[in-house]
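All values below come from the heavy atoms of this structure, side chains included, with hydrogens, waters and symmetry mates left out. Given the structure is predicted, the values throughout are model-derived calculations rather than measurements.
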Amino acid sequence: MRWSVCALTLVLAVPAQPAVAAAGSGRVRPADFTVYAFSQSDVEQEDPQVYQLDPDINIRAIGKWSTSGDEAADYNFAQIGRYRAQGIAFMGSGTASVIFPHDFASIEIFDDMSTRDADGNPVPHDEFGFPTPARRGNIFNPAYRRYLLGWAKIQIDGGVDGLNLDEINAGFSGGQKYGFNGNEGFDDYAIADFNRYLLAKYPTYTAADWKSRFGMTDDNLVLADVPPGDLDDNFNYRDYLRAGGWNLNPLAAANPLAAEWGRVTANRMYADDSSFTATYLRRYWKAMVDELRAYARRTAHREILISSNGLWPYVDFNSIGMYPWNPDEQTPDFRGADYVPVIDGHLNGAKSLQANYRYLKEKNARIAGDVPAVVFIDWPNDMMTNYLNLPLAEKKDYWRIFGAEAYANGLFPAFHLKDTVGSPTAEQSGMLEFFQSYTAFYKGHRSLFRENRVGTEAVRVGAANVAGSLLVRRGTGTRTLHLVNHNYDRGIIAQAGFLVEADLRSCPRRVTMVSPDFPGSKSPAFSCRQGKLRVTVDRLDYYDVLVLR
């Protein structure tokens, strides 16, 4: 008999719990969420699909991604009441880094808000394809942070349940102009903070130390007795880069200070990164989050949710965009994890994303703590294009396989309804009715999917191409075994009559099987002795969950 690691869910008999309470009836708790939706609209727009799907939360309902959104009159806040009437949490959002000239009163202010390259010039971001010039805002500039907080507070005043801030650390890439080599973020504000960082990290360094360790020169040294922001008389990192010939590629390995500066990974704030950029970005992000929470308490007497695109600390849940070139899996072509796998335009359902999902879950716990991690197909990129171009039946299979595999490993998929670039909506592509029926299973068994950790016990499946995992619910110890079928060739190939084994700390008294693929529940044959559980699975279409009681 052939055994393979598989995704089966063994569920301890837990009665279905009601959906979350109306968002306005008390504190909104991510621990109560099971069904997440992704439907983003411009600040004045509304998507009726959300009410038809009836998720627990829409993770980015509106987004300030243009010159609209700086004034309260720009918004359609009336829809928040309609969300609350159905108990759906409403997340406002916006870009934390993309800026346009029209956002500011003068070109001088726009220039001051903009990120700079190592020669001190503003970095253009024409790769966005916007009709007006776009740049990245400089989060090290206190005036820019006030600007971000200004429109975020407008959304809080409008009644949002939370805020999702996108691309917080995107102002360090260098953009298309520099081939995304990191030549960005070298403005006066950041350079002054870099001096503070170096002085704090090396408080006893003498002139000789700075010169021997980092190759500084007598006319450009870090000085403790000169204000860090005095870039004429204190250390000026831009001058250092030009002198070393690194001004076009500041992160070059030959630069002795490159590691101290740090390499910023888009939409990630790794817990063990203590470089300058990570240290100060983390500091400014926390200050912004703290101010927004305090503002909501002071003005609206309520708590708000905070989220962001990627893996960030100080959030209530992380919204992890799936896109090419992400850093979550190193591959030979450097494209990273393939979250929408296709072969010749058809879904590659034979691939498992379990390892990728578990990586995200582990990193999320280390970075943000005990908060949910939600995955969504980001855009515009070829992952979203691949998804949109799938035949309708294979679009559904994507969620039956890879949406289920997210749940099976303790994450949450955000069901895709709408983006902001005019792609077909779920309803237009024939997916909305499927989402309505498919998510009914997760709503009806919501207690099985909340607050789970991945169990360390071994799971073995006696059928090929099945991914299995054991989840344990925090607080209750409820165990579920999850099975995801990857026996796929332009359609699922069901598997029948196989064994699943798990090494447990204690034997269950009862095993119940539930699935979005059949109604009700089953009681499969099982045996257990000294923690060695054996369950006979009569049939696996896409996804089975075994509840162990």
Side-chain angles (χ1 to χ4, degrees), residues 23-24 27-28 38-47 50 57-85 88-106 109-110 112-114 130 132 134-139 141-168 170-171 284-309 312 314-317 319 418 420:
R27 182 171 184 174
V28 180
F38 193 104
S39 171
Q40 183 175 329
S41 298
D42 288 334
V43 294
E44 78 283 1
Q45 296 176 347
E46 182 173 6
D47 182 8
V50 176
I57 182 172
N58 183 6
I59 66 173
R60 225 153 75 181
I62 55 172
K64 186 202 177 309
W65 258 93
S66 68
T67 56
S68 182
D70 289 333
E71 304 292 336
D74 295 338
Y75 290 86
N76 170 17
F77 287 132
Q79 64 186 299
I80 297 175
R82 292 183 277 277
Y83 269 66
R84 289 202 173 128
I88 306 169
F90 184 102
M91 293 290 288
S93 74
T95 171
S97 59
V98 177
I99 57 174
F100 306 93
H102 290 94
D103 290 331
F104 306 103
S106 68
I109 297 175
F110 178 56
D112 183 54
M113 298 289 190
S114 302
F130 290 116
T132 56
R135 295 177 184 167
R136 294 287 188 180
N138 172 25
I139 205 165
N141 182 343
Y144 181 67
R145 296 196 297 275
R146 288 193 296 272
Y147 165 76
L148 289 182
L149 292 170
W151 61 252
K153 289 175 181 178
I154 289 173
Q155 294 189 16
I156 293 174
D157 294 340
V160 300
D161 293 303
L163 290 160
N164 190 320
L165 298 177
D166 194 11
E167 296 191 331
I168 299 159
Y284 290 137
W285 169 240
K286 183 178 187 303
M288 291 169 61
V289 168
D290 289 347
E291 182 169 344
L292 291 172
R293 293 191 194 279
Y295 180 82
R297 294 183 191 118
R298 184 175 68 253
T299 62
H301 310 291
R302 60 190 176 90
E303 300 294 327
I304 60 165
L305 303 176
I306 299 291
S307 186
S308 181
N309 188 345
W312 283 80
Y314 318 123
V315 298
D316 296 285
F317 66 94
S319 310
K418 177 180 177 291
T420 57

Quiz item: How many angstroms lie between atom CH2 of W65 and atom OG1 of T420, to the nearest 0.5 angstrom?
Solution: 8.5 Å

Quiz item: Between S97 and Y144, which heavy-atom pair has the shortest distance, and what is it?
Solution: CA-OH, 3.4 Å

Quiz item: Between G158 and I80, which heavy-atom pair has the shortest distance, and what is it?
Solution: O-CD1, 3.4 Å

Quiz prompt | Shortest non-hydrogen contact between V98 and A134, atoms and distance | solution = CG1-CB, 4.4 Å

Quiz prompt | Closest approach of L305 to V28 (non-hydrogen atoms, all atoms of both residues) | solution = CD2-O, 3.4 Å

Exercise. Any chance you could measure W285, atom CH2, to W312, atom CH2, to the nearest 0.5 Å?
Key: 7.0 Å

Quiz item: If you measure from CG on L163 to CG on L148, what distance do you get to the nearest 0.5 Å?
Solution: 11.0 Å

Quiz item: Are a donor atom and an acceptor atom from the side chains of Y75 and E44 found within less than 3.5 Å of each other?
Solution: no

Practice problem: Return yes if some donor-acceptor pair links the side-chain N/O of D161 with the main-chain N/O of F90 below 3.5 Å, else return no. | Solution: yes

Quiz item: Does Y284 have R145 sitting over its ring (NZ/CZ under 6.0 Å from centre, angle to axis within 45°)?
Solution: yes

Quiz item: Would a distance-only check, ignoring hydrogens and angles, find a side-chain to backbone donor-acceptor pair under 3.5 Å from D103 to I99?
Solution: no

Quiz item: Got a second to check how far M288's CE is from R146's CZ, nearest 0.5 Å?
Solution: 12.0 Å

Practice problem: Test M113 against N141 for side-chain contact (heavy atoms from CB on, under 4.5 Å), laying out the working first. | Solution: CA-CA 7 Å; M113 298 289 190; N141 182 343; 4.2 Å; yes

Self-check item: Minimal non-hydrogen separation, I306 against V315, with atom names
Solution: O-CB, 3.4 Å

Quiz item: Once you round to the nearest 0.5 Å, how far does CG of L292 lie from CD1 of I156?
Solution: 5.0 Å

Exercise. May I ask you to test the I62-E46 pair for a side-chain heavy-atom distance under 4.5 Å?
Key: no

Quiz prompt | Close side-chain approach of M91 and I57, heavy atoms under 4.5 Å | solution = yes

Quiz prompt | Donor-acceptor pair, side chain of K418 and main chain of Q40, under 3.5 angstrom | solution = yes

Practice problem: Would you please name every residue forming a side chain to side chain donor-acceptor pair (under 3.5 Å) with D42, sequence neighbours left out? | Solution: none

Quiz item: Is there a donor-acceptor pair closer than 3.5 Å between any side-chain N or O of S93 and the backbone N or O of L165?
Solution: no

Quiz prompt | Sub-4.5 Å side-chain heavy-atom contact between I304 and V160 | solution = no

Quiz item: Is the closest basic N to carboxylate O distance between R293 and E303 below 4.0 Å?
Solution: no

Quiz item: Distance only, no hydrogens: is a donor on one side chain within 3.5 Å (strictly under) of an acceptor on the other, for D166 and T95?
Solution: no

Self-check item: Check: N309/N164 side-chain N/O donor and acceptor closer than 3.5 Å
Solution: no

Quiz item: Do the rings of Y147 and F104 sit parallel, tilted or perpendicular, given the 30° and 60° boundaries?
Solution: tilted

Quiz item: Does the side chain of S39 come under 3.5 Å of the side chain of D47 through a donor N or O and an acceptor N or O?
Solution: yes

Quiz prompt | salt_bridge(K153, D157) N-O dist < 4.0 Å | solution = no

Quiz item: Taking all non-hydrogen atoms of both residues, which atom of F100 and which atom of F110 are closest, and how far apart?
Solution: C-CE1, 3.5 Å

Exercise. Kindly indicate whether the side chain of D70, heavy atoms from C-beta on, has any atom under 4.5 Å from the side chain of K64.
Key: yes

Quiz item: Hey, does N76 have a side-chain heavy atom less than 4.5 Å from the side chain of V43?
Solution: no

Quiz item: Nearest 0.5 Å, what's the OG-CZ distance between S319 and F38?
Solution: 8.0 Å

